[in-house]
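Both counts, for ligands and for their atoms, begin at 1 and track the order of listing. We use all heavy atoms of the structure for the numbers below, so side chains are in, but hydrogens, waters and symmetry mates are not. Just so you know, residue 1 is the first one in the sequence shown, and it goes up from there.
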Amino acid sequence: MMIGLACIAAAAAGAAAQARPAPAAPLDEQQVRARADALLAQMTPDEKAAQIVTQFNMGIPGQEKAIDESVAKGIGSFLFVTDPKETNRLQRITVERSRLHIPLLFGFDVIHGWSTIFPVPIGQAASWDPAMIERNQAIAAAEARSAGIHWAFAPMVDIARDPRWGRIVEGAGEDPYLGSAVAAAQVRGFQGPRIGAPGHIIAGPKHFAGYGAALGGRDYDEVNLSDSELWNVYLPPFKAAVDAGAGNIMAAYMGLNGIPAAGNRWLLTDVLRKQWGFQGWVVSDANGVQSLQTHGFATDQADAAARAIGAGLDMEMAFAGPAFAKLPAAVAAGKVDQAQVDAAVRKVLEAKIRMGLFENPYVDEAGAAQLQRNPAHLEAARIAAERSAVLLRNEGALLPLDRAKLRSVAVIGGLADSPRDSNGPWVFKPTQPVLQSILQGIRTKLGNRTEVKYAPGVIIPKRVNASMIDSMNADLRRPEPKDDDSGIAEAVAAARSADVAVVVVGEPQGMIGEMASRSTFDLPGRQQDLLDAVVATGKPVVVLLLNGRPLDLKGTKAQAILDLWYPGSSGGDAAANLLFGDAVPGGKLPFTWVRNAAQVPLIYAHLTSHDAGHADTRYSNESNAPVYPFGYGLSYSTFAFSNLRLDRPQVAPGGAVTVSVDLRNTGARTADEVAQLYIHQRSGTAARPVRELEGFQRVTLKPGEVRTLTFKLGPQELRYWNAAVRDWVQDETTFDVAVGADSTVPFAGSFDVRRQ
Ligand code: BGC
């Protein structure tokens, strides 16, 4: 495994180096600024306004002339151009025909891959492996850069505590500590050592801030966050992304305390720039400036533009008719300060200068095609899918299946043979993603020695969300088939005649992501009936899940459940390796797996409030416990934690405690465990959650191997945002400490924070 990873890292670096000609030596900050200012001094008001718009360009026939004209006039940036021929063609127009020859910046939703598709972000977060996530985003960056893309609208670092929200699939789940680690890793992966590093692209963490708290999980809905939640839970991943050097930030659609993010000066200027020292540029979400009027905030489009730029928003992302086109008139009328517009333009020019676009505006089209079919990238995707998988149940050690003893396997479920669904949402046809079905992977692994019988069972309704994502995937726009269970009998027969049934169920990719919130976690269509019927045969059943949120499997009695998320381009191979023991699952849930949608929000890091004597009486009609807790996941091996110890019983505020624990692989296989450190503050100037994750390590241990793991708990881990004083505080108090395999591990030690 280690050799594989090293090769992949080298391949990623090699791929990155090939992506375009070596740039001139990086400029220092003063040189960058001087070049930007020299250009700024020559720009007309209209050119400035155009420079700070990123315009949709979806290659819609009939729009070419208007697009080309906007380029010649000096538009600054496009999104959704994916073909290297087209990025080169448009660059040539701007470089050769526009007055100031300022190259275009191309942005895109590079979310979990370009041509090589990695597991969806929630799946990668389940790997609890930031180093792997960093490598994957470096590969995605190299592939995207080779096509002419300079900037990713990613990572999405929104904390999601309501799985009804479809975009939970795009983030790292419910926890700010895990979310921050994953956010920083993605920024490093996309950008490499510096903005403009060859083969890398600029990261744009989004959606600043709080979008994941949409009321009722309804996409784009209003958000009501307490000060404490905002600072302690929702902002930390953004801060981590900024600290990792993110060159861009995308403002959210919704507002905080009634002030829409795109016009929120407190958020974009006071917090982001003044407190955090963010140096890059802020872009609106799609049409987010125009929609300041929809919010009932701006009076008209000119007012929307003026208030956005005044709040610190630098660039508008828009379809046709950007509100920022009204800026020159607003400046002339004295409604907008010229200096604010100039500051925004300067930041965008600086990004283009840092990216080396003035020296190297074009990409090598042949090189792009080659890079995007690099076998090492597919190998990285396979490892990612294996490391992201979470084993939720394995009764009687059904998994791994013993290939040598199997005569036949029934693979059941329409999603088993649906490579597009295995890739998950935010995958676009124009990027020519590599597709592989789960069935393909199983067939390849088993060859001719074991019979594979495939039965789709039921047709799954392919709800296709109506967003632009699907307008980029025209093949998905087909009529929704009627629910149909006529294939269940065939599936049952296949299961009966096989040694084992592998049932692949979940949500088709169009049912999760943007504009794909759901009010139920039931399996769509008649999949539950299919699963129940196969389980009723009495044959051993392994359930493979394709999902980005918890699903309600109605207490299925299947012996094994393995969550693959949407595993990506090598998902079939990964599934087969996991099923037959050539890979061992080691992922852990990045969210609390609720029983049903009525139970949300339900998080592990909750406050206790009143205790009526029974922990489990928050509902009178059902358990308050989840199906699986945050951090949960099984292995084909077993592990034991012991001997938790602290290097001191007491520490002064600002000091650090070292926690050690011994971890032993008590099973018979080399496997991974994710050691998770939780703390609990017993009392303080504010009440704190019952426990909070403050450290983790994923380690590989051989059978019988013991490793001592150490964690540091310093002020960063022990402080919190206190809403009463509106500042970070560290209380004098006692902390409980636990290290274990999931968020239910009992506390096993404690220490005091006291002034000596
Ligand atoms: C989404 C963003 C995305 C943008 C461009 C918006 O609707 O909210 O996350 O980056 O579209 O695709």
Side-chain angles (χ1 to χ4, degrees), residues 53-60 77-82 105-114 120-122 137 140 144 149-160 165-172 183 186-187 190 201-214 217-223 237-238 241 246-255 260-262 281-292 294-295 313 315-320 322 424-431 464-473 509-510 512-517 548:
V53 168
T54 186
Q55 189 176 298
F56 275 87
N57 179 352
M58 322 245 316
I60 297 170
S77 166
F78 282 112
L79 65 153
F80 280 26
V81 185
T82 53
L105 191 71
F106 291 103
F108 197 73
D109 289 284
V110 187
I111 309 295
H112 54 114
W114 179 264
V120 286
I122 193 81
Q137 293 301 38
I149 299 297
H150 312 121
W151 158 39
F153 310 140
M156 190 198 90
V157 303
D158 293 317
I159 293 294
W165 190 50
R167 303 196 78 170
I168 186 173
V169 69
E170 292 176 53
Q186 294 195 72
V187 171
F190 280 127
I201 60 179
I202 297 171
K206 66 189 186 184
H207 306 82
F208 195 56
Y211 180 22
R218 293 181 294 271
D219 208 5
Y220 313 130
D221 220 322
E222 75 179 279
V223 162
F238 285 99
N248 169 257
I249 289 272
M250 185 188 291
Y253 283 123
M254 32 55 65
W281 86 103
V282 182
V283 66
S284 74
D285 201 339
N287 294 335
V289 176
Q290 293 169 341
S291 67
L292 289 179
T294 317
H295 279 265
L313 188 109
M315 183 189 262
E316 177 183 11
M317 182 188 288
F319 285 102
W426 291 105
V427 172
F428 301 84
K429 203 168 173 217
T431 62
V464 167
N465 66 41
S467 69
M468 64 240 163
I469 303 162
D470 292 308
S471 58
M472 298 281 283
N473 287 303
Q509 63 80 28
I512 188 113
E514 188 173 356
M515 297 175 80
S517 291

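Proximity of M515 to ligand 1, defined as any heavy-atom pair under 4.0 Å, is not found for any part of the residue. Contacts of K206 with ligand 1, taken as heavy-atom pairs under 4.0 Å, involve the side chain alone.
Distances from ligand 1 to the non-hydrogen atoms of M156 include no value under 4.0 Å. Distances from ligand 1 to the non-hydrogen atoms of H207 include at least one value under 4.0 Å.
Checking L79, T82, I201 one by one against F108, the side chain to side chain contact (heavy atoms under 4.5 Å, CB included) holds for a single residue, T82.
In terms of polar-atom proximity, W426 is not counted as a contact of ligand 1, lacking any N or O under 3.5 Å from an N or O of the ligand. Considering backbone and side-chain N/O atoms, Y211 never comes within less than 3.5 Å of an N/O atom of ligand 1. Any N or O atom pair closer than 3.5 Å counts here, and E514 shares at least one such pair with ligand 1. Of the N or O atoms in Y220, none lie within a sub-3.5 Å distance of an N or O in ligand 1.
For the atom pair CE of M317 and CG of D285, the computed distance is 6.0 Å after rounding to the nearest 0.5 Å.
Between F78 and F106, the angle of the ring planes stays under 30°, which puts this pair in the parallel group of the 30/60° scheme. By the 30° and 60° cut-offs, the orientation of the rings of Y253 relative to Y220 is perpendicular.
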Worked check of side-chain contact (heavy atoms from CB on, under 4.5 Å) between M250 and S284: CA-CA 6 Å; M250 185 188 291; S284 74; over 6 Å; no
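With ligand atoms numbered from 1 in the order given, ligand 1 contributes 6 (C), 7 (O), 8 (O) to contacts under 4.0 Å with heavy atoms of Y253. Residue-ligand proximity, D285 to ligand 1, at heavy-atom distances under 4.0 Å covers atoms 1 (C), 2 (C), 3 (C), 4 (C), 6 (C), 7 (O), 8 (O), 11 (O). When each atom of ligand 1 is checked for a heavy atom of F80 under 4.0 Å away, the hits are 12 (O). Every atom of ligand 1 is numbered from 1 in the order shown, and the set under 4.0 Å from a heavy atom of M250 is 10 (O). In summary, the atoms of ligand 1 found under 4.0 Å from a heavy atom of F153, numbered by their order in the structure, are 10 (O).
Partners of W151 by ring pair (Phe, Tyr, Trp, His ring centres under 6.0 Å), not counting sequence neighbours, listed by chain and number: F153, W281. Judged as a side chain to side chain donor-acceptor pair (under 3.5 Å), and not counting sequence neighbours, the contacts of D158 are H207.
The heavy-atom pair separating P155 from F190 by the smallest distance is N-CE1, 4.0 Å.
K206 forms a cation-pi arrangement with W426, by the criterion of a distance under 6.0 Å to the ring centre and an angle within 45° of the ring axis.
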